[in-house]
Protein chains: 2
Amino acid sequence: MSQAAGSTAALSPAAARAQFRAGLRRPTSGISPGFAQVNLLALPRELGFDMLLFAQRNPKSCPVLGVFEPGQFHDAGARNPLLAEGDLRTDIPAYRVYRDGELTAEPGDATQHWREDLVAFLIGCSFTFEAPLLEAGIPIAHIEQGVNVPMYKTAIRCEPAGRLSGPLVVSMRPLPADLIADAVRITSRYPGVHGAPVHIGSPAELGITDLDAPDFGDPVQIPAGWTPVFWACGVTPQAAVMESAPELAISHAPGHMLITDLPNTALQVP
Amino acid sequence: MSQAAGSTAALSPAAARAQFRAGLRRPTSGISPGFAQVNLLALPRELGFDMLLFAQRNPKSCPVLGVFEPGQFHDAGARNPLLAEGDLRTDIPAYRVYRDGELTAEPGDATQHWREDLVAFLIGCSFTFEAPLLEAGIPIAHIEQGVNVPMYKTAIRCEPAGRLSGPLVVSMRPLPADLIADAVRITSRYPGVHGAPVHIGSPAELGITDLDAPDFGDPVQIPAGWTPVFWACGVTPQAAVMESAPELAISHAPGHMLITDLPNTALQVP
């Protein structure tokens, strides 16, 4: 799944979303740098408590940046809006529809699959901190190679909550040895979009046997001497959906995020 | 409500809780320094989603550090236990029982008021960062004066969630001008226990007309030239209970916290 970097990179979030709404389908890494990107997971209202509890217990993988209640498709007028205009059901490049845990559709528009009792959880995405990494001269392999970021289900179990359980999913960025500490320092300032890495090197300890066969996204070539660095990934709740099999769940397609109107600076600590 | 500082200060969390379980009733500021203290709010399960949503929308006042499900009274065996032994219903120095939003009892033991469908939310308390403040030479007036911290309902409205709404509650510590920046820097590293101040000086802008008449806790004397510094307070969800009037809620008494087994270092970022 190659992507033409460049043409959409400098778009405002609203302009990027307009292109996705019009049908453009591509991963969102590198688009609208400076603005937060988020994962979507929409679940029936009766699973809302379990989902927020799952997020509270697994904060590295599930930092909840917003919750849209049933019937709410933007948050215009909020103090710090995520989606100041547009529609959550159309403005993501690609969606996934799960029924009883099975992927049943991957539409570019989720409107016809939406249900009035769905609560939408918006979960921080590590694409957000790629802009400050790039600014610090830290290379992002999947952007340079024009592919989606590789993501892996791990052997690490999340803390379960109610009816939701599943494995930790991680994204991987290979880095040269002299830049790993800087990447830790920079990303630790963005806990709302997964923060510092959860694992550096040793993919086998995560239960990853083949870095070239990611469970989501695309493989990246790892230059000699570089180390794979793993961050918790917002596809984790999607993996919990696959395992826990709620009757309906709608998510983004991995790597195809909602580009929000929230500037990265609003997420930076301390 | 004066408190004899000293005798209980150096106790381990388990030893302090044993004293509270045996009947000791006093504010917990200054006790077991180095370990996190938390607010309690227990609500019927059917309000669980609203409460977690309220917390997600008001993260400065409601940082959720743990959720005990119905029937769970400790979390022995958890990766980072809050309460490795003991019982949430007895180990706090004083509780408050609210029925339909009205304070109906303030027992030292909540067991007889507990109900099997209650979910307990444990919310970070700013007493936690008083230890690192003291280590940095920053004076804590209410500890020096042997009283409970003063807390105020403000004119700032929280973001509502479902059936829960209410005002922001703040705690206040007066500080000398040359130490305020240090206090901001240090407390910002503890977002799980309210983090940086929400307001420095100008109590009138918070709707506070008389610092000597706090809504919770005790007044403190403010030395000439010192400025009142306000932090978001975990009594905020208790104020939401008073306003929103769920049929039953059980909380700690303000300033009388659960002393946990979680070391402060586990909460420090970055």
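Proteins come first, then strands; the chains are lettered A, B, ... in the order of their sequence lines, and each starts at number 1. Nothing here was measured: the structure is a model prediction, and the numbers come from that model.
- The distance from the CD atom of B:Gln56 to the CG atom of A:Leu65 is 7.5 Å, given to the nearest 0.5 Å.
- Among B:Gly162, B:Gly66, B:Ala196, B:Pro191, the residue making the largest number of heavy-atom pairs under 4.5 Å with chain A is B:Gly66.
- When B:Val119, B:Leu47, B:Leu53 are each tested for a side chain to side chain contact (heavy atoms under 4.5 Å, CB included) with A:Phe49, only one passes: B:Val119.
- When heavy atoms are compared at a cutoff of 4.5 Å, B:Phe121 approaches chain A solely by way of its side chain, counted from C-beta outward.
- The backbone N or O of A:Val67 sits less than 3.5 Å from a side-chain atom of B:Arg57, completing a donor-acceptor pair.
- Listed by chain and residue number, A:Arg79 satisfy the salt bridge (Lys or Arg N to Asp or Glu O under 4.0 Å) test with B:Glu159 (two or more places apart in sequence, or in another chain).
- The contact between A:Arg45 and chain B is made entirely by side chain atoms (from C-beta outward), counting heavy-atom distances below 4.5 Å.
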